Amino acid sequence: MIDTTINYLKDYVGQEVRLSGWLYNKRSSGKIRFLLVRDGTGLVQCIMAKGEVPDATFELSDSLTQESSLKVTGTVRVEPRSPGGFELGLTNIEIVQIAEPYPITKKEHGVDFLHDLRHLWLRSSRQYAIMKIRNEVIWAIREFFYNRGFVLIDSPILTAAIGEESSSLFETEYFKMGKAYLAQTGQLYIEAACMSLRNVFCFGPTFRAEKSLTRRHLTEFWMVEGEMAYCDAEGSMKIQEEMVSYAAQAILKKCRPELEKLERDITKLETILPPFPRVDYGDAVKILQEHGSSITWGTDLGAEDETILSNMHDRPVFITNYPKRAKAFYMKENPANTETVLCADLLASEGYGEIIGGSQREDNYDKLLARIREEKLPEAAYGWYLDLRKYGSVPHSGFGLGIERTVTWLAGIHHIREAIPFPRMITRLYP
RNA sequence: UCCCCUGUAGCUCAGCGGUAGAGCAGCUGACUGUUAAUCAGCGGGUCGCUGGUUCAAUCCCAGCCGGGGGAGCCA
């Protein structure tokens, strides 16, 4: 008896093996039973005809409900009519547990219902495919950084009031020290670390209490941030385009079945290769106005603006050098145009919107302090951050990539909530 | 914070001022190659909540609660 898993069936054609898994679906036709079994590595059709197995075994199959856990023994054979190309001619069934009637059926369901059952929804083949793609995207990015000598720096989740915008912080009591806030970014911390280790990154959950109820927002999402000492804005963009391309090519190589399951247009992924086009913000505004957008110089791009620019290219596009007043205090002023900053947002292709925000950081003490005061930020909380500009300040740049937005785009799915195992949104805290 | 849509069987939905309907799922049966199998039969309901109009409200009106989509903002 060989115990194995579905992904290894190709090595056992003609042999008898035992699989352990769950019943995904069941069909019958007179004296024949088809059991569709999943085991976490794939899906296989198992078949049994009355008279070819003991009657007791045959009747056992009729007691199985959807998602019942079981072990099946049988002979592996090549069968094009079976999903995956192999099927198991059953000789025995061992029941682990008969499942209660399963709420998620083979028919359509609404999003509210599926969200309430997210713990079970994850078992469906579509969610399975998305989670596999997410996994490969994350590993590809970690591998990319590791191969280039970047050092992983884990930034704190609990912070004092520091980050982007005070209106969207989650707060909690912190002993006798007042309020603590869930991190919105690890950027300021890895800026400190890059002065020690040169090229660093952090990867962890971040929290935004924004009341954004759209298919592109989560209140808890995972972000990868890179920070590089002695690196300018252009150097940072080079790293970003290579990283994003590396992730796209990795899932092309490793997730073909999953992309097919999701009916992803593969040709749209194959063109994701460096270099990505760079469009200056000022030029973008002109282009958008020619296309009928009401955008004026000085404001951020709207969702429709992003789609227009994105659709003009077959790969992601950088929008560079935004107006200073539309961006965060820590971005370095552009010496060529002091109304703008040295920053770049990366818009994913196919209208999927922004996936990276990045910039060269302000490395001049006086200018940074002036910006903190201009924005009326709590100066005391930024004392240590200002220190970095006192002790061997150097030009440095960094960026943050939203994992779920990237997965949504690469997997070609519609809603960000499917790109994370247990989404946290304004209306979702359970399961 | 703003705009729009929505709430009826376990699920997806239809419906109407006169006490409720389909498909799927479930259960029972038929069928030896099914692919969301098919076919026949059966059971299944506080029509989101509260109030109002009315002889009569699931239906019309108001408020509340829940859900979805979009905008803004961001990753």
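Chain identifiers are assigned alphabetically (A, B, ...) following the order of the sequence lines, protein sequences preceding nucleic acid strands; residue numbering begins at 1 within each chain. Just so you know, these numbers come straight off a predicted model, no measurement behind them.
At the heavy-atom level, A:Asp345 lies nowhere under 4.0 Å from the strands shown. The residue A:Ile104 sits apart from the nucleic acid: no heavy atom pair falls under 4.0 Å. Using a 4.0 Å heavy-atom distance criterion, A:Leu401 is classed as making no nucleic acid contact. A:Leu36 comes within 4.0 angstrom of no nucleic acid atom, judged by non-hydrogen atoms across all strands. When heavy atoms are screened at a 4.0 angstrom cut-off, A:Gln45 is found touching base atoms of the nucleic acid. A:Phe221 comes within contact range of at least one nucleobase, with a heavy-atom separation under 4.0 Å. Backbone-only engagement by A:Gly110 is indicated by non-hydrogen atom pairs under 4.0 Å involving sugar-phosphate atoms exclusively.
Considering A:Trp139, A:Tyr246, A:Phe203, A:Phe150 in turn, A:Phe150 is the only one that fulfils the ring-ring contact (aromatic ring centres under 6.0 Å, His included) rule with A:Phe145.
Comparing A:Arg77 and A:Leu346 by the nucleotide of RNA chain B that holds the closest heavy atom to each, the one mapping nearer the 5' end is A:Arg77.
A:Ser359 places no side-chain N or O within 3.5 Å of a backbone atom of A:Arg361 that could act as its donor or acceptor partner. A distance-only check finds no donor-acceptor pair linking the side chain of A:Thr57 to the backbone of A:Thr91 [under 3.5 Å]. Counting only distance, with no hydrogens or angles, the side chain of A:Thr340 and the backbone of A:Lys324 share no donor-acceptor pair below 3.5 Å.
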Determine, stepwise, if the pair A:Trp22 / A:Tyr102 fulfils ring pair (Phe, Tyr, Trp, His ring centres under 6.0 Å).
-> CA-CA 12 Å; A:Trp22 296 263; A:Tyr102 195 63; over 10 Å; no
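Residues from residues 273-312 of chain A with heavy atoms under 4.0 angstrom of RNA chain B, sorted by number: A:Asp300, A:Gly302, A:Ala303. Within residues 80-98 of chain A, the residues approaching RNA chain B are A:Arg81, A:Glu87, by heavy-atom distance under 4.0 Å. RNA chain B is contacted by A:Thr427, A:Arg428 of residues 420-431 of chain A, taking any non-hydrogen atom closer than 4.0 Å. Of all the residues in residues 116-140 of chain A, not one reaches under 4.0 Å from RNA chain B with any non-hydrogen atom.
Side-chain nitrogen and oxygen atoms of A:Arg417 include at least one within less than 4.0 Å of the OP1 or OP2 phosphate oxygen of B:G69. Under 4.0 angstrom from either OP1 or OP2 of B:G69 there lies at least one side-chain N or O belonging to A:His415. A sub-4.0 Å separation between OP1 or OP2 of B:C74 and a side-chain N or O of A:Arg216 is absent.
Looking at the side chain of A:Arg27, the nearest of the listed nucleotides B:G33, B:C74, B:U34 is B:U34.
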If the sugar-phosphate is the primed atoms plus P, OP1 and OP2 and the base is the rest, what is the B/S/- string for nucleotides 24-32 of chain B, using protein heavy atoms under 4.0 Å?
-> SS-----BB
Which string of ( ) [ ] | and . matches RNA chain B, if you list each base 5' to 3' and count Watson-Crick or G-U pairs only when both distances are under 3.5 Å?
-> (((((((..((((....[..)))).(((((.......))))).....(((((..]....))))))))))))....
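Counting atom types as modelled, A:His217 pairs a side-chain N or O with a base atom of B:C74 as donor and acceptor under 3.5 Å.
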